[in-house]
Amino acid sequence: MACLHDHSCEDHDCSSNWSLYKHIDLPKVSALNEAVPGSAKSVFKPWEHRLNSSEEHLESNEGDPELLVYIPFTSDVKIKSIAIIGGTDGTSPSKMRAFINRDGIDFSDAQNMQAVQEWDLVENLNGLLEFQTRYAKFQSVASITLHFPDNFGGDTSQIHYIGFKGEATQLKRDVVATIVYELMPNPSDHKTKAESGGGFSQVE
């Protein structure tokens, strides 16, 4: 399901306040079949910069539109929706498949594995659409792998922006070991806003 932003984002959770961009472990982002090594990192940017197409983008190799993008997070996240802005002239991806917490998968794995969810995409050049997840299945996400098997007829696939909307846990992965060694941990000390009735958790 896609959500069209025909409302004021000030009154909805569409703004950068709900972007998971700052929770992406950007140095560890990778992609298979990218024409320029390392270019996958360029499609992750602040929500307000999503329409900046003058920057570097992710493109598949000539004659092969398939892309596989691995995105790890610095803390577990819950993903509500995914936004994809592709290229013009048929180079936008036409389908997206998601795998959760499955590190190191390749094209053969992706083609033979059951995805957590699949979407038929539409060309979203203006960044007005976001694709809703089956939210109950996108809890405790440490990493997500997105498979783009085809496009709208272009010789290559191009992606200019990938954005995630949702919430992150208060607990970052690099402090888990410290908390394990607490002598008398108090569960109430680690409650998120969501657990205490405050809705979304937001890590400053």
Side-chain angles (χ1 to χ4, degrees), residues 3 9 12-32 34 38-50 58 67-85 96-105 109-110 113 115-117 119 127 130-148 159-204:
C3 172
C9 287
H12 293 72
D13 54 358
C14 305
S15 71
S16 58
N17 290 337
W18 307 103
S19 169
L20 293 174
Y21 165 70
K22 63 184 177 181
H23 302 289
I24 295 172
D25 195 351
L26 200 57
K28 296 181 181 178
V29 168
S30 61
L32 296 182
E34 56 182 354
S39 60
K41 296 177 177 64
S42 69
V43 305
F44 300 97
K45 61 191 78 173
W47 183 86
E48 58 269 23
H49 297 161
R50 69 196 185 284
L58 171 62
L67 285 166
L68 192 68
V69 185
Y70 169 72
I71 308 107
F73 296 94
T74 56
S75 61
D76 285 356
V77 300
K78 301 176 182 181
I79 301 175
K80 291 185 66 177
S81 64
I82 305 173
I84 304 292
I85 300 178
M96 177 172 66
R97 307 172 69 235
F99 305 90
I100 293 174
N101 300 338
R102 299 297 297 266
D103 298 355
I105 67 176
D109 296 326
M113 288 167 50
V116 174
Q117 188 171 346
W119 298 261
E130 58 187 31
F131 297 89
Q132 306 299 305
T133 66
R134 297 188 184 104
Y135 190 50
K137 294 186 176 182
F138 285 76
Q139 310 287 304
S140 300
V141 179
S143 68
I144 186 170
T145 301
L146 298 179
H147 179 215
F148 302 96
I159 298 176
H160 292 267
Y161 173 79
I162 297 176
F164 301 99
K165 188 177 76 176
E167 61 175 308
T169 65
Q170 297 283 1
L171 189 63
K172 291 185 181 257
R173 294 189 165 276
D174 57 3
V175 300
V176 170
T178 302
I179 291 175
V180 167
Y181 286 105
E182 287 182 355
L183 293 177
M184 296 181 65
N186 184 349
S188 66
D189 290 341
H190 306 297
K191 280 187 177 181
T192 65
K193 293 179 183 177
E195 291 170 335
S196 58
F200 281 97
S201 302
Q202 185 174 349
V203 179
E204 300 296 339

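Computed from heavy atoms alone, side chains included, the values below leave out hydrogens, waters and symmetry copies.
- Contact record, R134 with Q117: N-OE1, 2.7 Å, taken as the closest heavy-atom pair.
- A side-chain contact (heavy atoms from CB on, under 4.5 Å) with I71 is found for one member of V141, V43, L146 and no other, namely L146.
- Of all the heavy atoms in Q132 and S81, the pair that sits closest is NE2-CB, 3.8 Å.
- The ring pair (Phe, Tyr, Trp, His ring centres under 6.0 Å) search around Y161 returns none, not counting sequence neighbours.
- The only option from I85, I84, I144 that meets the side-chain contact (heavy atoms from CB on, under 4.5 Å) definition with I162 turns out to be I84.
- Residues D109 and G104 come closest through the heavy atom pair OD2-O, 4.2 Å.
- Remark: L26 CG to K45 NZ distance equals 11.5 Å, nearest 0.5 Å.
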Checklist entry - Please walk me through it: do L58 and F148 pass side chain to side chain contact (heavy atoms under 4.5 Å, CB included)? => result CA-CA 12 Å; L58 171 62; F148 302 96; over 6 Å; no
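- No side-chain heavy atom of V77 sits under 4.5 Å from any side-chain heavy atom of F164.
- In this structure, the separation between NZ on K165 and CD1 on I82 is 12.0 Å, given to the nearest 0.5 Å.
- Using modelled atom types, no side-chain atom of S19 and backbone atom of W47 make a donor-acceptor pair closer than 3.5 Å.
- Between K78 and L20 the shortest heavy-atom distance is O-CD1, 4.0 Å.
- One finds the CG atom of D76 at 9.5 Å from the OG atom of S143 (value rounded to the nearest 0.5 Å).
- Remark: Y21 engages no residue in a side chain to side chain donor-acceptor pair (under 3.5 Å) (not counting sequence neighbours).
- Of all non-hydrogen atoms in A110 and R97, the two that sit nearest each other are O-NH1, 2.5 Å.
- Between the side chain of N101 and the backbone N or O of S140 there is at least one donor-acceptor pair closer than 3.5 Å.
- Here the side chain of E34 pairs a donor or acceptor atom with the backbone of A40 at under 3.5 angstrom.
- Remark: side-chain polar atoms of W119 are not paired, donor with acceptor, to backbone N or O of T133 under 3.5 angstrom.
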Item to check | K80/W18 under side chain to side chain contact (heavy atoms under 4.5 Å, CB included): CA gap, chis, key distance, verdict | outcome: CA-CA 10 Å; K80 291 185 66 177; W18 307 103; over 6 Å; no
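- In this pair, F99 and H147 present their aromatic rings tilted. The plane angle is within the 30 to 60° band.
- Scored by the salt bridge (Lys or Arg N to Asp or Glu O under 4.0 Å) test, D25 finds K28 as partners (sequence neighbours excluded).
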